[in-house]
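Remarks on the structure that follows.
Here is how names work: the chains are called A, B, and so on, in the same order as the sequence lines, proteins then strands, and each is numbered from 1. Basis for what follows: all heavy atoms, side chains included, without hydrogens, waters or symmetry-related copies.
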Amino acid sequence: MRKRAEAGLLETIVFLILNIAFFGVMMIFAYNSGSQSFIYEQAYAKQLALLVDNAKPDMVVMVNIDELIPITLKKNKDINKVFSVDEKTNEIRVNLNQKGGYGYKYFSDNSVKLEVKENYLFVTVGKKS
Amino acid sequence: MLLLERRVEIMKRKTWDRKGGEKLLSLWWFFILGVIGGFIVLGVVIYYSAETNVNSIEASILVDKLIGCLIQQGNLNSNVFNSDFDLFNECSLDKKMFGMGSFLYFNISIYDSENKLVRELVNGSGIFESDCKVGRRVSGKYFPSCISENHLVNLGNKGYKLNILGGVNQLGRKISVN
């Protein structure tokens, strides 16, 4: 009688644990998906590459990055390290995640400097020497 | 006595049946949860894997850049017929980004007033031209986007027709930080 009761209790505990595990995994998945960081990475990388291609030397363009601040805080990422440019491969890189980001190439012969000041990204386009 | 034993046996069987039913129900429950979870994950993955294609905008910028340096105030750039004409330098294009295997392509054809081809500048893989035609009819991620423009220009007192085709097939890439 006691054995049967113990078995029943064990079954209930296993059932509850599996349910909690399932809903926990779903909650974490929904929380991580909710930031849409990958979409922002892609959008900003492409937007900046097109901006550089279309810009003339000695232009400075200010890009509002208000919407990225909450994501960087959530991902524990320094906003100054989100944007980078690789001038060897002409690639604009946007990293909102700790593990990686998104890169998009530009084809113009311009030098690019990216700098974050408050809620704006300053894109300084110059002539490659 | 016999009736009592039989009744006890029926009660036991009912209890076991209920237990079995509960087990079956919890298995079914987890199966349903798995299916729901799977569809949620699938939906999110499909949503996030959708890429924004900006190739047509990029092709348009490329063509605009080429036009900007080849046509100056309605006149054809006179250097274009020189054998040492460096289009990349003239149009502020990075030479290393162009060439065979690149995601960029352009074809500049200059015709005289008798419709005779007098100068052609081509860079990139020739397969772009046929892929562009397909890409116009079929929407596909891997087909290039092309922009074509025709202009009538002058050089001295001669008239020329300038055909420019620019194509881009850039996919972008995910970067992993080690």
Side-chain angles (χ1 to χ4, degrees), chain A residues 4 7-8 11-12 14-16 18-19 21-23 25-26 29-30 32-34 36-39 41-43 45-47 49-57 77 81 84 86-95 97-111 125 127-128, chain B residues 15-16 18-19 22-23 25-27 29-30 32-34 36-38 40-41 43-45 47-62 64-65 68 88-98 102-106 123-124 166 168 170-178:
Chain A
R4 197 180 292 169
E11 273 176 26
T12 312
V14 169
F15 180 80
L16 281 173
L18 286 174
N19 272 300
F22 174 82
F23 285 108
V25 167
M26 289 313 293
F29 180 75
N32 285 333
S33 306
Q36 300 183 336
S37 59
F38 177 69
I39 288 178
E41 280 174 348
Q42 203 189 119
K46 288 180 177 177
Q47 195 182 350
L50 293 178
L51 196 152
V52 171
D53 279 334
N54 219 2
K56 298 258 186 306
K77 181 99 188 172
K81 289 178 182 169
S84 60
D86 184 351
E87 291 207 354
K88 280 183 187 167
T89 55
N90 282 21
E91 192 172 51
I92 301 279
R93 292 172 179 173
V94 183
N95 302 313
N97 294 295
Q98 296 289 352
K99 288 179 183 171
Y102 193 84
Y104 205 75
K105 290 180 180 176
Y106 58 91
F107 57 78
S108 67
D109 195 22
N110 293 330
S111 70
V125 181
K127 185 80 186 157
K128 256 185 194 168
Chain B
T15 314
W16 278 108
R18 206 176 64 215
K19 285 256 171 198
E22 274 174 10
K23 274 183 185 167
L25 193 69
S26 59
L27 275 176
W29 168 251
F30 285 114
I32 295 289
L33 282 187
I36 292 168
I40 290 171
V41 172
V44 171
V45 168
Y47 176 73
Y48 281 111
S49 62
E51 290 218 11
T52 319
N53 195 331
V54 292
N55 284 339
S56 59
I57 304 170
E58 216 173 349
S60 165
I61 293 171
L62 175 64
D64 282 351
K65 262 187 171 293
F88 298 101
N89 192 32
E90 203 91 18
C91 301
S92 298
L93 301 173
D94 200 333
K95 199 171 184 175
K96 69 170 184 278
M97 301 305 291
F98 292 81
S102 157
F103 60 86
L104 297 154
Y105 173 80
F106 65 77
N123 195 292
V168 178
Q170 187 177 187
L171 292 171
R173 68 184 185 108
K174 285 179 191 169
I175 300 161
S176 57
V177 178
N178 296 317

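With a 4.5 angstrom heavy-atom cutoff, L62(B) touches chain A via backbone and side-chain atoms both. Within the 4.5 angstrom heavy-atom criterion, only side-chain atoms of L104(B), from C-beta onward, approach chain A. Interface residue F15(A): backbone and side-chain heavy atoms are both found under 4.5 Å from chain B. With a 4.5 angstrom heavy-atom cutoff, V168(B) does not touch chain A via any of its atoms.
Here the CD1 atom belonging to I61(B) is positioned 4.5 Å from the CG atom belonging to L50(A), to the nearest 0.5 angstrom. Annotation: the span from D53(A) atom CG to S60(B) atom OG amounts to 11.0 Å, rounded to 0.5 Å. Separation of atoms CD (Q170(B)) and NZ (K46(A)) is listed at 8.0 Å; rounding is to 0.5 Å. The CD1 atom of I36(B) sits 9.0 Å away from the CE atom of M26(A) when rounded to the nearest 0.5 Å.
Applying the side chain to side chain contact (heavy atoms under 4.5 Å, CB included) criterion to K174(B), with sequence neighbours excluded, gives F38(A), Y102(A). E41(A) pairs by the side chain to side chain donor-acceptor pair (under 3.5 Å) definition with N97(A), not counting sequence neighbours.
Closest of all the heavy-atom pairs between Q42(A) and T52(B) is OE1-N, 3.0 Å. Residues K127(A) and S92(B) come closest through the heavy atom pair NZ-OG, 3.2 Å. Minimum heavy-atom separation, Y104(A) to V54(B): OH-CG2, 3.4 Å. Scanning both residues, K96(B) and K88(A), for their nearest heavy atoms gives CE-O, 2.7 Å. When all heavy atoms of A55(A) and K65(B) are compared, the closest pair comes out as O-NZ, 4.4 Å.
Chain B forms the most heavy-atom pairs under 4.5 Å with one residue out of Q98(A), R93(A), K56(A), and that residue is R93(A).
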*Report the C-alpha separation of N19(A) and L33(B) in whole Å, then their side-chain angles, then the decisive distance to 0.1 Å, and conclude whether the side chain to side chain contact (heavy atoms under 4.5 Å, CB included) test is met.*
CA-CA 9 Å; N19(A) 272 300; L33(B) 282 187; 3.6 Å; yes
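Residues F88(B) and D109(A) fail the side-chain proximity criterion, which asks for heavy atoms closer than 4.5 Å. Inter-residue side-chain proximity for Y106(A) and D94(B) is flagged as unmet; no heavy-atom pair is nearer than 4.5 Å.
For Y47(B), the OH atom sits in a loose shell: 12 or fewer heavy atoms of surrounding residues, nucleotides or ligands are nearer than 6.0 Å.
Using bins of under 30°, 30° to 60° and over 60° for the plane-to-plane angle, the ring pair F107(A)/F98(B) lands in the perpendicular bin.
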